[in-house]
Amino acid sequence: NAGVTQTPKFQVLKTGQSMTLQCAQDMNHEYMSWYRQDPGMGLRLIHYSVGAGITDQGEVPNGYNVSRSTTEDFPLRLLSAAPSQTSVYFCASSYGGQGDSNYGYTFGSGTRLTVV
Amino acid sequence: AQSVTQPDIHITVSEGASLELRCNYSYGATPYLFWYVQSPGQGLQLLLKYFSGDTLVQGIKGFEAEFKRSQSSFNLRKPSVHWSDAAEYFCAVGGFNQGGKLIFGQGTELSVKP
């Protein structure tokens, strides 16, 4: 099992450019999420999905779009990159269910994005 | 408001000493509680989780955590720290029927002295 795979691992963008961060999981997880990690701020939720075709905003959604056309994939799109979006981005997935003993997010290894 | 507070930004302990990392949460419903560990340049690894039942939960790598509802706390402990435990530790809270959303604390960086 590959788990949660994020690509690319590193990316440098110029202000105003757009790009897509890819996330794929092979565990048939219902839930998927995107977080950004900034020093001293922990992880903040950008967008999340509870299943194919269903997405919702998290704490810091501005400047990002997502879609979930399949269970496996959950790409994150930066529409017009800004220096404030310089961060490390993590994708995560989990089984759904209520009180499911398997519930608990598996994280990808991250994408380090720099916007200049 | 829902939040997680980890009061200690950085902790240094000697190898072999005991460890306790603090976590306090504010959550309006029954919380699901997690501790994750992150080594430099790596993703997050789940150490342990609490949903219900026994308030003392055991995790991987010899860690345990105790849920205290009256104190809104979920502190992480280890009896004897190893140099390989040096990392950043994150406490997180989620909830029933919350779409899998997790709220993270700011993290505690652990250094281990030889």
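Just so it is clear, the structure is predicted and the values come from calculations on it, not from any experiment. Side chains included, hydrogens not; waters and symmetry mates left out as well; all remaining heavy atoms used. Throughout, protein chains are lettered first and strands after them, A, B, ... in sequence-line order, and every chain is numbered starting at 1.
Note on A:L13 and A:V116: separate hydrophobic clusters, where clusters join Ile, Leu, Val, Met, Phe, Trp and Tyr whose side-chain heavy atoms are under 4.5 Å apart, directly or indirectly. Following chains of ILVMFWY side-chain contacts shorter than 4.5 Å, one cannot reach A:F10 starting from A:L113, and the two form parts of different hydrophobic clusters. Tracing side-chain contacts under 4.5 Å through hydrophobic residues (I, L, V, M, F, W, Y), one reaches A:Y48 starting from A:I54; they form part of the same cluster. Side-chain heavy atoms closer than 4.5 Å link hydrophobic residues (I, L, V, M, F, W, Y) into clusters, and following such links, even through other members, never connects B:L56 to B:L21.
Closest approach of B:Q38 and A:F90 over heavy atoms only: NE2-CZ, 3.3 Å.
With a threshold of 4.5 angstrom between heavy atoms, A:L43 approaches chain B through its backbone and through its side chain. Of the two parts of B:L44, the backbone and the side chain both hold a non-hydrogen atom closer than 4.5 Å to a non-hydrogen atom of chain A. For A:Q37, the part lying near chain B is the side chain, with the backbone staying farther off; criterion is any non-hydrogen pair under 4.5 Å.
At a heavy-atom separation below 4.5 angstrom, chain A is approached by B:F104, B:G105, B:Q106 within residues 103-110 of chain B.
Remark: A:R44 CZ is packed, more than 12 non-hydrogen atoms of other residues, nucleotides or ligands lying under 6.0 Å away. Within 6.0 Å of CD1 on B:I9 lie no more than 12 heavy atoms contributed by other residues, nucleotides or ligands.
With ring centers used as reference points, A:Y105 lies 6.0 Å or more from B:F34.
Put simply, the side chain of B:L102 reaches to within 4.5 Å of the side chain of A:Y35, judged on heavy atoms.
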